[in-house]
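Within every chain, numbering begins at 1; the chains are lettered A, B, ... in the order of the sequence lines, protein sequences first and strands thereafter.
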There are 2 protein chains.
Amino acid sequence: MPRVNRPPSDSPGGAPTLDEVARRAGVSRATASRAINGGNRVSPAALAAVEAAVLELGYTPNPAARSLVTRRTDSVALVVPEPDERVFSDPFFVHTLRGVNRMLATRDLQLVLLLAKPGEEERRLLRYLGSRHIDGAIVVSHHRSDRLADHLAALGLPCAFVGRPWTSADKVAYVDTDNVAGGRAATELLVERGCRRIATIAGPGDMAAGIDRLDGWRTTMRAAGLSDDLVEHGDFTESGGEAAARLLLERAPDLDGIVAASDLMAAGALRVLAGSGRSVPGDVAVVGYDDVGVPERTTPQLTTVRNPIGEMAEQAVRLLLEQIDDQRGPRPIRVIFPPALVRRDSA
Amino acid sequence: MPRVNRPPSDSPGGAPTLDEVARRAGVSRATASRAINGGNRVSPAALAAVEAAVLELGYTPNPAARSLVTRRTDSVALVVPEPDERVFSDPFFVHTLRGVNRMLATRDLQLVLLLAKPGEEERRLLRYLGSRHIDGAIVVSHHRSDRLADHLAALGLPCAFVGRPWTSADKVAYVDTDNVAGGRAATELLVERGCRRIATIAGPGDMAAGIDRLDGWRTTMRAAGLSDDLVEHGDFTESGGEAAARLLLERAPDLDGIVAASDLMAAGALRVLAGSGRSVPGDVAVVGYDDVGVPERTTPQLTTVRNPIGEMAEQAVRLLLEQIDDQRGPRPIRVIFPPALVRRDSA
DNA sequence: GTCTCGGGTGGGAGCGCTTCCACTAGACGG
DNA sequence: CCGTCTAGTGGAAGCGCTCCCACCCGAGAC
C-alpha cells in the first residue's frame with residue numbers, strides 16, 4: 001500500500017502544494033523549494049522541518065509547474081521507428097529497452113515510448129519531439145528507410161542512437177557494436193577449427209546488423225581463400241534459421257560450419273542439423289550471435305558472439321545525458337563496442 | 001524535413017510563445033489561445049490571422065504551461081508489471097501495445113512506458129503514477145503476484161487493465177477475452193471431429209490466460225466423458241511447445257488431438273508431429289490460440305482461436321478516456337470479448 | 001428610438017514552481 | 001572593534017498558458 005497520506009482536509013480539494021508544505025514547516029516557499037531540491041544552503045533544522053511536512057502532507061511536486069520554470073521535463077523518448085513484431089521479438093531490442101529504462105531510472109528520468117511508422121505517424125512523431133515534451137531521445141535504429149537522424153539533427157534535440165543510423169551518422173551520437181568484427185571473429189573461429197565449407201545464415205538485408213555481420217563473414221572467408229557463396233538470409237527468428245539451414249544443406253550437403261547472425265537462427269539451424277543426423281560440432285560447427293537468453297538452452301550449447309548490450313544501453317543514456325546537461329544540441333560522438341566470442345559447445 | 005521555421009530573431013532566444021503569436025496576429029493572448037484550442041467564439045478573421053502567425057513562427061504550445069492550468073497532461077502510462085522477454089515476445093502483448101498506441105494517437109495522447117519489476121522499482125512506479133505526471137494508466141496484467149490493481153484503486157487514478165487483474169477485479173475497469181470459452185471452443189471442435197485422445201499444451205500456471213484456457217479444455221473434456229490427464233505446460237514459445245509436445249507423445253503415442261494455448265506452441269507441436277511421421281490433421285488434429293501472424297505461416301496452416309486484440313485495445317483506451325473525462329476516478333467496468341474459432345487446415 | 005441579447009474580444013488573475021536578489025546575522029581576520 | 005565574508009533566509013518576479021469576467025457593439029425586438 002502506498003504510504004502517501006492523502007491530504008486530510010488541509011488543502012482545498014487538490015493535492016498539497018509547496019506553499020502548504022512551507023507553511024506547515026514554518027519556512028518560506030523558497031526555503032522549502034531548496035530543501036526539496038537537494039537541500040543546498042538550507043539549515044539542518046529547516047531541512048528537517050520541510051522533510052517532515054512533506055511526509056505528513058504526502059506532498060509531491062507538480063511536474064508541470066516545475067518543468068515550466070526549469071525548462072526540463074525529466075523524461076526522454078525512446079523512439080522505435082517501425083514497431084513490427086520483428087523489433088519486439090528481437091532479444092537485442094528488448095534488452096536494450098530494459099537497459100535504457102534501468103539507466104534512466106537511476107537518474108529519475110521517465111521513458112516515453114514513441115512508436116511510429118513512416119508517413120503520417122512520423123509527422124506526428126516529429127511534431128511531438130519538437131514540442132518540449134521531452135529532454136531528448138534515444139532512437140533504436142533499425143531500418144534503412146528511416147531518415148529520423150536527419151530530422152533530429154535538424155531539430156537540434158539531444159539524441160543518441162542505438163545502432164548506427166542510416167543517414168546523418170556524422171551528425172548525431174550513437175553507440176553500436178562492431179558487427180563486422182563480430183562476424184569475422186565467429187568465422188575465424190571456424191576457420192581455425194579446420195572448417196572449410198562454411199555457410200552463413202545472414203540477417204535481413206535492410207538492417208545494419210545483418211549486413212555488417214555478413215560482411216565480416218565474407219571478408220574472413222576470402223582472406224582464408226574459401227568460397228563465400230554459401231549465404232542464405234533469415235529474419236532473425238528460429239523458424240527463419242531453420243528454413244535457411246535447410247536450403248544450405250540442400251545446396252551444400254558437405255558443409256562443415258555455419259555462422260548465424262542471431263542465436264535464434266542458430267538454434268533453428270541446430271535443430272535442422274540434428275534432424276538430418278549430423279552431429280554438432282563434430283560434423284558441423286555452429287556459431288550464433290547475441291548471447292542473450294538463448295545459447296544456454298540449446299543442445300549443444302551455442303558458441304556465440306556476445307554484444308555488451310547492458311553497457312551499450314548505459315553508454316547511450318550517458319551520451320544523451322551529456323548533451324542534455326550541456327544544452328548544446330546534438331553532437332556527433334560515436335562509441336563502438338567490441339563484440340566478444342563466447343565459447344561453448346557448438347564450435 | 002520539418003517545415004517548422006525556427007523563429008527568426010523575433011523571439012529572444014527560446015521558442016515562440018503564445019504572446020508573440022498574438023502580437024503578430026494582432027489579437028490578444030486570450031483570443032490567440034481560443035483560436036488555437038478549437039477556435040470557438042473566434043471570428044473567422046482572427047482565426048485566420050492566428051493560424052497564419054502560428055505557421056510563420058513555427059509555434060507549438062508549451063505543454064508544461066498548458067497542463068499546469070488545465071491539470072491534464074495528455075499522456076497516459078502503459079504499465080508493464082514484469083518486463084521479462086516473455087511479455088515482449090508475446091504477440092498478444094505486442095499487438096495490444098500497438099493497438100493502444102494507435103488509439104491514443106487519434107486523440108493526440110502520448111504513451112509513457114512504465115516497466116517495473118516488483119520491489120523497489122514498484123515503489124518508484126507508484127510514486128510516479130501518483131504525481132500528476134499522467135492522466136491515467138493502462139495496465140497489461142499478466143502475473144498472479146502483481147497487486148497493482150489494489151494500488152491503483154487506492155490511488156484513485158483512472159486506469160484500465162488489459163486482461164483480468166488478479167486482485168481488485170471488482171474495483172477497476174478491465175477488458176479481457178473469454179479464455180475459458182476459447183479453450184472450450186477449440187476443444188469442442190476436436191471432439192466433434194471425432195478425436196478421443198485429446199491433449200493440451202497449456203500456458204504458464206501463473207498467467208490468467210494460461211489457466212483459463214486450460215480450464216475450458218478440461219471442462220469440455222469432462223463433459224464429453226474424456227480423460228483430462230494429458231496436460232503439459234509450455235511458456236507460450238515455440239520451443240516450449242515443442243518440448244511439451246514431445247512429452248505428450250511419449251506419454252500417449254495414440255493421441256489424436258492437441259489444443260495449444262498459443263499459436264507459437266502449436267507451431268512447435270506441428271514440427272514435432274511432423275518429425276514423428278504423424279500427419280496433421282489426419283493422425284492428430286491441432287488447434288492453436290491467438291491468430292496473429294503465426295497461423296498462416298505454418299504447414300499446415302493452423303486452425304486457431306482468434307482474440308479481437310484490436311478491438312480490445314480500443315475498448316481499453318475508451319474505458320480509460322471515459323474515466324479521465326468524467327473525473328470520477330476508477331470505475332469497475334468490465335468488457336469481455338468473445339473469442340472466435342478460425343478454421344484453417346490443422347483441424 | 002431605446003432595450004435587450006449574444007458573439008467576439010482583451011484584461012488580468014492565477015496554475016505551482018524555481019530562482020534572483022536583497023537582507024540579516026553571526027564568524028573571523030586585521 | 002570594525003569591516004568583510006558567508007551561510008541562511010524570504011520577498012517577489014516570472015515561466016507560458018487558460019479562462020473568468022467585464023466590456024463593446026451591431027442586430028433584432030418592441
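Between the CE atom of M103(A) and the CD atom of E311(A) there is a distance of 10.5 Å, given to the nearest 0.5 Å. Taken from CD1 in I36(B) to CZ in R34(B), the straight-line distance is 12.0 Å, to the nearest 0.5 Å. Note that CG of L57(A) is 10.5 Å distant from CG of L18(A), once rounded to the nearest 0.5 Å. Rounded to the nearest 0.5 angstrom, T60(A) OG1 and Y128(B) OH are separated by 12.5 Å. Between the NE2 atom of H133(A) and the OG atom of S67(B) there is a distance of 8.0 Å, given to the nearest 0.5 Å.
One interatomic measurement links the two molecules: CZ of R23(A) to P of dG10(D), which rounds to 14 Å at whole-angstrom precision. In this entry the distance linking CZ of R41(B) with C1' of dC21(D) reads 12 Å, nearest Å.
Phosphate proximity of dT9(C) to S43(B): present, with a side-chain N or O under 4.0 Å from OP1 or OP2.
Comment: D108(B) engages R124(A) in a salt bridge, judged by a side-chain N to carboxylate O separation of less than 4.0 angstrom. Ion pairing between R24(B) and E20(B) fails under the 4.0 Å rule for side-chain N and carboxylate O. Ion pairing of R72(A) with D325(A) is present here, as a side-chain N (NZ or NE/NH1/NH2) and a carboxylate O approach within less than 4.0 Å. Taking the charged nitrogens against the carboxylate oxygens, R318(A) and E314(A) do have a contact shorter than 4.0 Å, which makes a salt bridge.
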Using atom names, set out every protein N or O paired with an N or O of nucleotides 24-28 of chain C below 3.5 Å, distance rounded to 0.1 Å.
none

All N/O pairs under 3.5 Å across the protein-nucleotides 16-23 of chain C interface:
| residue | atom | partner | partner atom | Å |
| --- | --- | --- | --- | --- |
| dG16(C) | OP1 | R71(B) | NH2 | 2.4 |
| dG16(C) | N2 | A65(A) | O | 3.4 |
| dC17(C) | OP1 | Y59(A) | OH | 2.4 |
| dC17(C) | OP1 | N62(A) | N | 3.2 |
| dC17(C) | OP2 | L18(A) | N | 2.3 |
| dC17(C) | N4 | R29(A) | NH2 | 3.1 |
| dT18(C) | OP1 | N37(A) | OD1 | 3.4 |
| dT18(C) | OP1 | N37(A) | ND2 | 3.0 |
| dT18(C) | OP1 | R66(A) | NE | 2.8 |
| dT18(C) | OP1 | R66(A) | NH2 | 3.1 |
| dT18(C) | OP2 | S33(A) | OG | 2.7 |
| dT18(C) | O4 | R29(A) | NH2 | 3.4 |

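A 4.5 Å side-chain heavy-atom check between P165(B) and V172(B) finds at least one atom pair inside the cut-off.
Within the helix from dG1(C)-dC30(D) to dG30(C)-dC1(D), the inter-axis angle between the opening and closing five-pair segments is 40°, rounded to 10°.
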